[in-house]
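Below: one structure, written as structure tokens.
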Amino acid sequence: MSKRFLAAALLFSVSIAPALAAKTSLVIGMPIEPPGLDPTIAAPVAIREVTWANLYEGLVRIDRDGRVQPLLAKSWDISPDGLTYTFRLQPGVKFHDGTAFDSADVKFAFDRARAPTSTNAQKQIFAPIDTIETPDPLTVVIKLKEPSGNFLYYLGWGDAVVVAPETAENNKANPVGTGPFKFKSWTRGDKVELVRNADYWQKDKTKLESVTFRFISDPQAQVAALRAGDVDAFPNLGAPELFTEFKKDARFKAVVGNTEGEIVAGMNNAKKPFDDVRVRRALMHAIDRMALVEGAYSGYGQPIGGFFSPNHPAFVDLTRVVPYDPAKAKALLAEAGYGKGLSITIKVPQMAYASRSAELLSAMLAEVGVEMKIIPTEFPAKWIEEVFKAKDYDVTIVAHAEPLDIDIFARDNYYFNYKNDKFKALIADIAKTTDEKMRFAKYGEAQKILAEDVPALFLFQLPKLGVWNAKLKGLWENSPIPSNDVTDASWSD
């Protein structure tokens with residue numbers, strides 16, 4: 001072989017090497033932009049979908065099958081009485097700013113989350129805590145005031161990630177965690193960019209060098225972005241009517257998964273006429289859940305009769321408790337004094353499932369003499385201010401995406417304004433029940449109370465319609481916890 005030919009061959013091999021290498025960047029599409037990037041101070045799910053497991057980590061994590069796994073805590077012991085949890089921490093962990101992670105950070109994060117001034121959306125997670133001790137930098141001892149059957153599971157949520165005292169105040173706009181990716185930039189109204197954390201404590205865990213979360217609310221624009229290659233994946237496609245087309249396209253993988261999101265039309269139970277259970281039941285009787293799922297989500301999604309995920313082993317199908325029955329709806333309305341009709345409003349966030357469902361609900365209620373005016377409401381900012389905080393609404397509609405969150409109906413001053421002492425006592429009892437069989441049975445009782453009392457119109461379980469490039473591997477097909485965890489994502493050659 002001549003020297004000239006050898007040199008040419010080497011040059012050719014070098015020039016094609018980058019073309020053969022797998023991609024190391026990923027663009028994820030999301031329908032909603034988060035209002036901030038700190039999941040420990042605000043409720044919107046979009047915050048967790050960007051940050052959980054990617055930027056921030058907790059003592060434990062929930063895996064793609066919904067199981068609790070070690071994370072910042074490499075192991076733990078629970079005392080026989082269920083009151084003392086001793087966590088042994090991973091050594092050599094650093095925050096993105098280079099400061100060392102240790103037991104003092106865990107104590108700070110949990111004390112901050114349970115403080116009287118805390119705005120943590122799941123503050124009840126930390127309510128059972130009596131004391132937090134840090135006998136050494138790699139040991140945390142948490143003592144509870146009373147047993148908490150789900151305590152370890154709750155510590156895997158985004159609300160329980162560990163943040164540092166040096167950076168906590170700025171995490172909303174400039175997040176600093178211990179995760180496999182670091183914050184790069186946030187272009188408001190467009191995207192959040194992350195880059196690989198070269199100092200991540202789990203060496204070689206991630207294959208990606210960069211991840212971009214793009215925010216595209218319009219369902220048709222989501223589809224166009226996928227087809228054009230502007231985004232690589234949409235884990236929650238907002239155009240279910242076009243999902244089948246992606247299943248037929250070899251360029252994409254289209255997966256029907258499940259979520260923990262119960263779609264409900266919440267009612268302001270402290271306000272007339274919703275303070276009358278006959279009215280609430282009448283509205284529920286007027287709704288054909290099967291037709292709603294077909295019309296709003298092209299048949300994807302499971303009708304629900306209560307507020308509990310069908311994915312959980314304690315789930316009870318209660319759709320027959322208050323079934324579709326327009327005649328019964330009219331009779332109950334007449335009995336409650338609204339035989340000549342009723343006018344109400346519904347504040348609807350801009351998510352596709354919400355607007356489509358609201359239109360169908362309005363048509364169904366009209367059949368029983370209820371006029372329901374639709375008021376579009378920007379989400380999350382305006383919806384949170386008007387509905388969630390001020391409780392200035394008649395009816396609204398949203399998917400509650402947190403797992404195992406039936407307790408929201410027992411919370412004081414929650415936006416439903418629902419008060420039921422029996423239900424509240426039962427939820428408190430469930431929280432202290434460590435025997436799984438007994439706890440599941442009590443969850444069944446709680447579901448039945450809500451199904452009969454109808455503090456919200458229980459509609460259907462939000463499916464996870466995921467569409468992504470066929471060469472992309474490692475994305476979650478189901479959502480046992482709100483997230484877009486990309487720590488295992490990679491591209492095939």
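The analysis underlying the following values was restricted to heavy atoms, covering all of them including side chains, and did not include hydrogens, waters or symmetry mates.
- Side-chain contact, Ser298 with Glu241: no donor N or O sits under 3.5 Å from an acceptor N or O.
- Each of Glu385, Glu378, Glu386 was evaluated against Lys347; a single residue qualifies, Glu386, per the salt bridge (charged side-chain N to carboxylate O under 4.0 Å, His left out) test.
- Judged purely by atom type and a 3.5 angstrom limit, Asp405 has no side-chain atom pairing as donor or acceptor with the backbone of Ile408.
- One finds the CD atom of Gln222 at 9.0 Å from the CD atom of Gln220 (value rounded to the nearest 0.5 Å).
- At a threshold of 4.0 Å, the pair Lys205-Asp488 counts as salt-bridged, since one of the basic side-chain nitrogens sits closer than that to a carboxylate oxygen.
- Shown here for Gln461 and Thr259, the closest heavy-atom pair between the two residues is NE2-O, 3.2 Å.
- A donor-acceptor contact under 3.5 angstrom links the side chains of Asp136 and Thr139, judged on distance only.
- Using modelled atom types and a 3.5 Å distance limit, the side chains of Lys207 and Thr24 yield no donor-acceptor pair.
- Residues Thr396 and Trp383 bring a donor and an acceptor atom of their side chains to less than 3.5 Å of each other.
- With 3.5 Å as the limit, one finds no donor-acceptor pair spanning the side chains of Asn484 and Glu49.
- Between Tyr85 and Phe87, the two ring planes are parallel [angle under 30°; tilted spans 30° to 60°].
- Panel note: side chain Glu193, backbone Phe183; no donor-acceptor pair is recorded below 3.5 Å.
- Here ring-ring contact (aromatic ring centres under 6.0 Å, His included) pairs that include residues 198-246, with residues two or more places apart or in two chains, are Phe243-Tyr300, Phe246-Phe252.
- Under a 4.0 Å N-O distance rule, the pair Asp65/Arg67 qualifies as a salt bridge.
- When only modelled atom types and interatomic distance are considered, Thr178 and Glu57 share a side-chain donor-acceptor pair under 3.5 Å.
- Ring geometry for Tyr415 against Phe388 counts as tilted: the plane angle lies between 30° and 60°, on a 0 to 90° scale.
- With no hydrogens or angles considered, a side-chain donor-acceptor pair links Thr99 and Asp97 at under 3.5 Å.
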Next item on the list: Apply ring-ring contact (aromatic ring centres under 6.0 Å, His included) to the pair His400 and Phe307, showing each step before the final yes or no.
Entry: CA-CA 9 Å; His400 285 265; Phe307 194 85; 5.6 Å; yes
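- Each of Tyr154, Phe151, Phe110 was evaluated against Phe126; a single residue qualifies, Phe110, per the ring pair (Phe, Tyr, Trp, His ring centres under 6.0 Å) test.
- Of the N and O atoms on the side chains of Asp485 and Ser483, not one donor lies less than 3.5 Å from an acceptor on the other residue.
- Ring-plane geometry between His312 and Phe308 is classed as perpendicular, the angle between the planes exceeding 60 degrees on a 0 to 90 degree scale with a lower cut at 30.
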